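Written out below as structure tokens is the structure these notes cover.
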Amino acid sequence: MSEIKVRFAPSPTGPLHIGGARSALFNWLFARHDNGKCIVRIEDTDLERSSRESEENILSSLRWLGLDWDEGISVGGPNGPYRQTERLELYRQYTKELLASGWVYRCYCSEEELAAQREVQMAAGEMVGYTGKCRDLSEEDCKRHEAEGRKPVLRFKVPQGKVLTIRDKVRGDVSFDCNGIGDFIIVKSDGIPTYNFAVVVDDYTMGITHVVRAEEHLSNTPLQVLLFEALGWPVPEFAHISLILGKDRSKMSKRHGATSIQQYRDMGYLPEAMVNFLALLGWSPGTEDEVFTLEQIKERFSLERVAKSPAVFDLDKLNWLNGYYIRNSSVERIAELAFPYLQQAGYLPEAVNDRLMEKVRLVTVAVREYLEYMAQVVDYAEVFFKDPAYDDPEAKEVLAQEQVPIVFGALQDKLTGAGALDEIGAKAMLKKLPKELGLGGKLVFQPLRVGLTGKTKGPELHHLLPALGGPKVIERLKNALQTRG
RNA sequence: GGCCCCAUGGUCAAGCGGUUUAAGACACCGCCCUUUCACGGCGGUAACCCGGGUUCGAAUCCCGGUGGGGUCACCA
């Protein structure tokens, strides 16, 4: 069997979307599982909306996710260029061929005429499609239109009375009646090919064996198959994966919240969590495991196990998964990831020394189990960097308890003159405290927590003490005492 | 509206004719752990869209209905 070759072909009209990312991922998984090749091609034939900025964003998001490609944009290859606007000459060549073989004809209908016609068809409940008005224009007709300054589009002559069956690797056989397909445009009046045409030329010339893409392209497939056949080219295999839906079960879009990979990256989601989550949206390993590396998914992946039904994007599950990865990554990595958020929040100065780096590490140890995504570190870490205001009613109540001065004094005494505390030391010191004071744990620890943070809940005291450091602890306890009035 | 796709708990999903009193995960609820919150552990609530067939037997196959979605551009 010949080598599998797939492509991910985004149009650079915006940042990489969650759905696009999953399509790219499934392409990659499918190909790599069989040691096949991946291509990234840029479909920028929409001159109005395409931008280099979007292209850059898409590529960087793909790399961030850990997806690589053997051939394509920015890595080159034997079938380039990989940007459609740089392949215009190639399309022109096949346009000529199609014109010569009579599969394609010039159409001079204006957009206004077509829109009006479409409305009539819609209203009448008919299949919407070009009626073939310009199909049999004579050479003179064409000249006359040209003389009027009309620029033609090129339309494909869709054969009538034919039923096309597409063999889809996830959906099975899907049939379309050609009578329901109007003669579609393959070259716009500005000479730029349309998506359906460019895709076919590229997929053939690049040797694509399998087209894995979102279900929204399913209805385009018969048009493309028609083109492959007209050109006498082999038709690749197709696999249309279901869409990702928002909470309201409609196609995911901006109004459903964050939809681009970039946004999740900015919020501090880890790429491996994102990949894991996306893979589970529509694919399942068939076992009870849920947590996988890209590599492990690759080993297990097959299109047979891809679901046909659409999947709702479940942020709760993403958060759980991401939190899981955060909890199970090294403290060093999480501290490094936390750093920019802490800095942005103004907790850290521009220039940081080793002592501050160590503090960030200790803070990370204390708060990472709370995090669903890194941006949340700002809230949880606040108590380590900002002195408390003691304005919470519940906190005031705790501080008003009569044993508070004794408890604070005891800890202050222990800390005064003591060296730097580590987690173990802090734990030991704290553990002895209740017994020494002859008080219950709650009467000791709750006031200390409030005294140190101004809040009744938060990180472990044995994490708090080392991160804050002896002098800061003493200072805060003193301030807390003063608020008792 | 035409065409196409889809249909198991709130969500993701396992199940591919009998081994199912229908897995697992997220979310939710309860208990435990614990100085708090979280983490973790244990347990619980909760589903085969409806109607016909086929079959000894259907969540699993077929047909119809209903529901949801996609698509009908000189966008991809």
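Here is the naming used below: chain letters follow the sequence lines, and residue numbers restart at 1 for every chain. All figures in this text were calculated on a predicted structure; none of them were measured in a lab. Computed from heavy atoms alone, side chains included, the values below leave out hydrogens, waters and symmetry copies.
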Nearest to the A:Asn220 side chain among B:rA76, B:rC4, B:rG69, which nucleotide is it? B:rA76
With heavy atoms under 4.0 Å as the rule, sort A:Val153 into base, sugar-phosphate or nothing. base
Need one value for A:Glu111: base, sugar-phosphate or nothing, where a base atom within 4.0 Å counts as base even if backbone is also close, heavy atoms only. base
Would you say A:Arg213 places a side-chain N or O within less than 4.0 Å of OP1 or OP2 belonging to B:rA76? no
Which part of the nucleic acid, if any, lies within contact of A:Arg305, taking any heavy atom under 4.0 Å across all strands shown: a base, the sugar-phosphate backbone alone, or nothing? sugar-phosphate
Using a cut-off of 4.0 Å on non-hydrogen atoms, how would the nucleic acid contact of A:Ser50 be classed: base, sugar-phosphate, or nothing? nothing
Among B:rA76, B:rC74, B:rC12, find the nucleotide with the atom closest to the side chain of A:Arg155. B:rC74
Can you tell which of B:rA25, B:rC6, B:rC37 lies closest to the side chain of A:Glu460? B:rC37
Among B:rC72, B:rG70, B:rA13, find the nucleotide with the atom closest to the side chain of A:Arg118. B:rC72
Where the side chain of A:Glu216 is defined as all heavy atoms beyond and including C-beta, which of B:rC74, B:rU35, B:rU71 is the nearest nucleotide? B:rU71
Any strand: nucleotide that pairs with B:rA46 via Watson-Crick or wobble, under 3.5 Å: none
Could you state the CD-P distance from A:Gln84 to B:rC75, rounded to the nearest angstrom? 13 Å
Nearest to the side chain of A:Leu245, heavy atoms from C-beta on, is which of B:rC26, B:rU71, B:rG69? B:rG69
Counting side-chain heavy atoms from C-beta on, which of B:rC37, B:rC74, B:rC26 comes nearest to A:Trp320? B:rC26
Does B:rG24 pair with anything, Watson-Crick or G-U wobble, both distances under 3.5 Å, and if so, with which nucleotide? B:rC12
Could you check whether A:His240 gets within reach of a base, just the sugar-phosphate, or nothing at all, counting any heavy atom under 4.0 Å? nothing
Could you please name the option among B:rG68, B:rA76, B:rC4 that lies closest to any side-chain atom of A:Lys188? B:rA76
Proximity of A:Tyr269 and A:Tyr325 rings by center, below 6.0 Å: no
Would A:Arg300 and A:Thr287 count as having a side-chain donor-acceptor pair, cut-off 3.5 Å? no
Could you tell me whether the side chains of A:Tyr341 and A:Gln376 share a donor-acceptor contact shorter than 3.5 Å? no
Among B:rC4, B:rG70, B:rC75, the one nearest any side-chain atom of A:Arg49 is B:rC75
At 4.0 Å (heavy atoms only), tell me whether A:Gly458 reaches a base, stays on the sugar-phosphate, or touches nothing. base
For a quick check under 3.5 Å, do A:Asn220 and A:Tyr195 share a side-chain donor-acceptor pair by atom type? no
Within the 4.0 Å heavy-atom criterion, would you say A:Lys455 contacts the bases, only the backbone, or no part of the nucleic acid? nothing
If you check every side-chain atom of A:Tyr370, which of B:rC3, B:rA38, B:rG24 has the closest atom? B:rA38
A:Ile58 and A:Ser11 have their tightest heavy-atom pair at CD1-O, 4.0 Å
